[in-house]
**Student:** 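Got a structure for you, written out below as structure tokens; questions coming shortly.
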Amino acid sequence: MEITKTLTKLNGNPRRPVFVLLHGWGSNEYDLPDLLRFCAPDADYASLRAPIDYGMGYTWFGTWDHEGVPVGASLDKQALEAAEAVDRWVAANIPADRDVVAMGFSQGGLLAGHLLRVNPERYRAAVCFSGWLAPGAVAGDERLAELVPPVFYGHGAADTIFPKEEVAAMGDFWRKHGTLTEKVYPGMAHSINMPEMRDVATFLQGIGAAGPMF
């Protein structure tokens with residue numbers, strides 16, 4: 001797997017992190033950059049297109065059980081392949097002295113957290129919108145539990161894409177392997193809303209990854 005299409009802005013304040021943006025199932029690299037207006041204005045970013053064609057968009061995972069959601073060993077394998085592809089792109093295109101924050105939605109939300117598991121020394125933090133957890137162990141998990149990087153995990157109380165136990169597993173993992181901020185939004189389905197964006201802005205400001213909003 002290789003990342004070949006990106007949308008980037010990489011000429012801003014070098015003291016601020018680069019946001020690696022990872023879209024969801026059937027979407028593309030234009031989906032997430034506008035979110036930064038609400039949580040990290042003027043941030044540098046690299047929005048990556050998933051390499052697998054799907055309908056009018058793209059997907060990070062080529063096979064799944066339902067609605068872009070693989071499970072079990074299939075999920076572990078595909079998540080690792082996708083996260084390693086993103087990590088290779090980061091190594092080749094973002095200076096090693098720039099902090100990186102991974103941010104993604106759904107499939108991309110899973111991958112935002114998975115990047116920290118694959119290469120825990122490289123990523124400053126993760127923002128996971130409506131993601132879930134690949135259940136198998138990853139080589140970096142032990143080191144991750146020592147570093148406990150900041151992770152934001154937001155999801156809707158009305159989201160029916162994932163079983164409740166998978167959502168619970170995501171929170172449980174990051175409470176043990178990161179410094180978790182978890183928010184649940186009443187009435188929200190598989191989506192992102194403005195209260196969540198305000199919470200992400202507060203999270204990013206709290207870890208020094210974004211300036212104050214005016």
**Student:** Using side-chain heavy atoms (C-beta onward) and a distance below 4.5 Å, is Glu196 in contact with Lys183?
**Tutor:**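 Side-chain contact under 4.5 Å: no.
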**Student:** Okay, side chain of Arg124, backbone of Ile207: is any donor-acceptor separation there less than 3.5 Å?
**Tutor:** yes
**Student:** Could you pull out the closest heavy-atom pair between Ala209 and Val101, with the gap in Å?
**Tutor:** CB-CG2, 4.3 Å
**Student:** Just wondering, do Met197 and Leu35 contact through their side chains at under 4.5 Å, heavy atoms?
**Tutor:**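 Yes; the side chains approach each other to less than 4.5 Å.
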**Student:** Would you please indicate if the ring centroids of Tyr54 and Trp25 are separated by under 6.0 Å?
**Tutor:**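 Yes: the rings meet the under 6.0 Å criterion.
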**Student:** State which residues pass side chain to side chain contact (heavy atoms under 4.5 Å, CB included) with Glu142; sequence neighbours excluded, sorted by chain then number.
**Tutor:** none
**Student:** Side chain of His177, backbone of Phe173: donor and acceptor closer than 3.5 Å?
**Tutor:** yes
**Student:** Side chain to side chain donor-acceptor pair (under 3.5 Å) with Asn93: which residues, sequence neighbours excluded?
**Tutor:**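 Side chain to side chain donor-acceptor pair (under 3.5 Å) list for Asn93, sorted by chain: empty.
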**Student:** Less than 4.5 Å apart, any side-chain heavy atom of Trp132 and any of Gln107?
**Tutor:**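 Side chain of Trp132 against side chain of Gln107, heavy atoms only: contact under 4.5 Å found.
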**Student:** Hey, are the side chains of Val20 and Tyr45 touching, using non-hydrogen atoms and a 4.5 Å cut-off?
**Tutor:**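 Side-chain contact under 4.5 Å: no.
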**Student:** Assess, by modelled atom type and distance only, whether the side chains of His155 and Glu182 contain a donor and an acceptor separated by less than 3.5 Å.
**Tutor:**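 A pair is found: one side chain offers a donor N or O, the other an acceptor, under 3.5 Å apart.
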**Student:** For Leu10 versus Arg98, what's the shortest heavy-atom pair and its separation?
**Tutor:**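 Looking at all heavy atoms of both residues, the closest pair is O-NH1, 4.4 Å.
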**Student:** After noting the C-alpha distance and the side-chain angles of Arg16 and Asp44, does the key distance pass the side-chain contact (heavy atoms from CB on, under 4.5 Å) rule?
**Tutor:** CA-CA 8 Å; Arg16 294 289 189 195; Asp44 276 6; over 6 Å; no
**Student:** Please name the pair of heavy atoms, one in Val118 and one in Ala83, separated by the smallest distance, quoted to 0.1 Å.
**Tutor:** CG2-CB, 3.8 Å
**Student:** Under the 3.5 angstrom rule, does the side chain of Gln78 hit a backbone N or O of Gly62 as a donor-acceptor pair?
**Tutor:** yes
**Student:** Could you tell me the separation between the OG atom of Ser27 and the CG atom of Leu32, rounded to the nearest 0.5 Å?
**Tutor:**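 It comes to 6.5 Å.
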**Student:** Going from CG on Leu116 to CH2 on Trp174, what distance comes out if it is rounded to the nearest 0.5 angstrom?
**Tutor:**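 Reported value, rounded in 0.5 Å steps: 4.5 Å.
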**Student:** Are Met1 and Tyr58 connected into the same hydrophobic cluster when the rule is that any two of I, L, V, M, F, W, Y join if their side-chain heavy atoms are below 4.5 Å apart?
**Tutor:**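 No, Tyr58 does not connect to Met1 through the hydrophobic network.
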**Student:** Mind checking whether Ile52 and Leu48 sit in one hydrophobic cluster, side chains of I, L, V, M, F, W, Y counted as touching below 4.5 Å?
**Tutor:**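 No, Ile52 and Leu48 fall in different hydrophobic clusters.
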**Student:** Would you mind telling me which of Leu21, Leu22, Leu7 makes a side-chain contact (heavy atoms from CB on, under 4.5 Å) with Glu29?
**Tutor:**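 Testing Glu29 for a side-chain contact (heavy atoms from CB on, under 4.5 Å) against Leu21, Leu22, Leu7 leaves exactly one candidate, Leu7.
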**Student:** Is there a side-chain hydrogen bond (donor to acceptor under 3.5 Å, both in side chains) between Ser106 and His190 once you walk through the steps?
**Tutor:** CA-CA 8 Å; Ser106 195; His190 196 60; 2.8 Å; yes
**Student:** Is the closest side-chain heavy-atom distance between Ile192 and Tyr185 below 4.5 Å?
**Tutor:**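 Heavy-atom side-chain distance check fails, nothing below 4.5 Å.
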**Student:** Would you say Val100 and Pro17 make side-chain contact, with heavy atoms under 4.5 Å?
**Tutor:**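 They are not in side-chain contact.
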**Student:** Distance-only, no hydrogens or angles: does the Asn28 side chain make a donor-acceptor pair with backbone N or O of Gly57 under 3.5 Å?
**Tutor:** no
**Student:** Under 4.5 Å between any side-chain heavy atoms of Leu144 and Pro149, yes or no?
**Tutor:**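 When only atoms from C-beta onward are counted, Pro149 and Leu144 do touch, with a gap below 4.5 Å.
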**Student:** Is it the case that one hydrophobic cluster holds both Phe61 and Leu80, taking links as side-chain heavy atoms less than 4.5 Å apart, direct or via other members?
**Tutor:** no
**Student:** So which heavy atom on Pro120 is nearest to which on Gly140, and how close?
**Tutor:** CG-O, 3.7 Å
**Student:** Following the transitive rule for hydrophobic clusters with a side-chain heavy-atom cut-off under 4.5 Å over Ile, Leu, Val, Met, Phe, Trp and Tyr, establish whether Met188 and Met103 coincide in one cluster.
**Tutor:**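 Same cluster: Met188 reaches Met103 through Ile, Leu, Val, Met, Phe, Trp or Tyr contacts under 4.5 Å.
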**Student:** List the steps and the verdict of side-chain contact (heavy atoms from CB on, under 4.5 Å) for Ser130 and Asp159.
**Tutor:** CA-CA 8 Å; Ser130 301; Asp159 190 343; 4.0 Å; yes
**Student:** Would you check if the side chain of Lys9 reaches a backbone N or O of Asp42 as a donor-acceptor pair within less than 3.5 Å?
**Tutor:** yes
**Student:** Do Arg88 side-chain atoms and Ile3 backbone N/O form a donor-acceptor pair below 3.5 Å?
**Tutor:**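 Side chain of Arg88 to backbone of Ile3: no pair is present.
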**Student:** Please check if atom CE in Met56 has more than 12 non-hydrogen atoms from other residues, nucleotides or ligands closer than 6.0 Å.
**Tutor:**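 Count not over threshold, so no.
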**Student:** When you measure from the side chain of Asp141 to the backbone of Val138, do you find a donor-acceptor pair of N or O atoms at a distance under 3.5 Å?
**Tutor:** yes
**Student:** When hydrophobic residues are tied together by side-chain contacts of less than 4.5 Å, even through go-betweens, does Val127 share a cluster with Met194?
**Tutor:** yes
**Student:** Testing the basics here: between Ala82 and Leu111, what is the closest heavy-atom pair and its distance to 0.1 Å?
**Tutor:**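 It is CB-CD2, 3.7 Å.
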**Student:** Please round to the nearest 0.5 Å and tell me the distance separating atom CD1 of Ile161 and atom OG of Ser191.
**Tutor:** 11.0 Å
**Student:** Checking Arg117 against Leu133 for the side-chain contact (heavy atoms from CB on, under 4.5 Å) test, could you report, in this order, the C-alpha distance in whole Å, the side-chain angles of both residues, the deciding distance, and whether it holds?
**Tutor:** CA-CA 11 Å; Arg117 302 177 67 186; Leu133 185 74; 3.5 Å; yes
**Student:** Going by atom types alone, do Tyr123 and Asp99 pair a side-chain donor with an acceptor below 3.5 Å?
**Tutor:**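 No, no side-chain donor-acceptor contact under 3.5 Å.
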**Student:** Quick one: OG1 on Thr59 to CZ on Arg49, what's the gap to the nearest 0.5 Å?
**Tutor:**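 Rounded to the nearest 0.5 Å, the OG1-CZ separation comes to 13.5 Å.
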**Student:** Centre of Tyr153's six-membered ring, under 6.0 Å away, within 45 degrees of the axis: is that where NZ or CZ of Arg175 sits?
**Tutor:**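 So Arg175 doesn't make the cation-pi contact.
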**Student:** With His23 as reference, evaluate Phe105, Tyr30, Phe129, Trp60 under the ring pair (Phe, Tyr, Trp, His ring centres under 6.0 Å) test and give the passing residue.
**Tutor:** Trp60
**Student:** Evaluate side-chain contact (heavy atoms from CB on, under 4.5 Å) for Asn119 paired with Val90, printing each intermediate quantity in order.
**Tutor:** CA-CA 11 Å; Asn119 191 350; Val90 169; over 6 Å; no
**Student:** Indicate yes or no: at least one non-hydrogen side-chain atom of Leu75 is less than 4.5 angstrom from one of Pro135.
**Tutor:**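 Yes, close enough: below the 4.5 Å cut-off.
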**Student:** Give the minimum heavy-atom separation between Ala112 and Gly104, together with the two atoms involved.
**Tutor:**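 Looks like CB-N, 3.8 Å.
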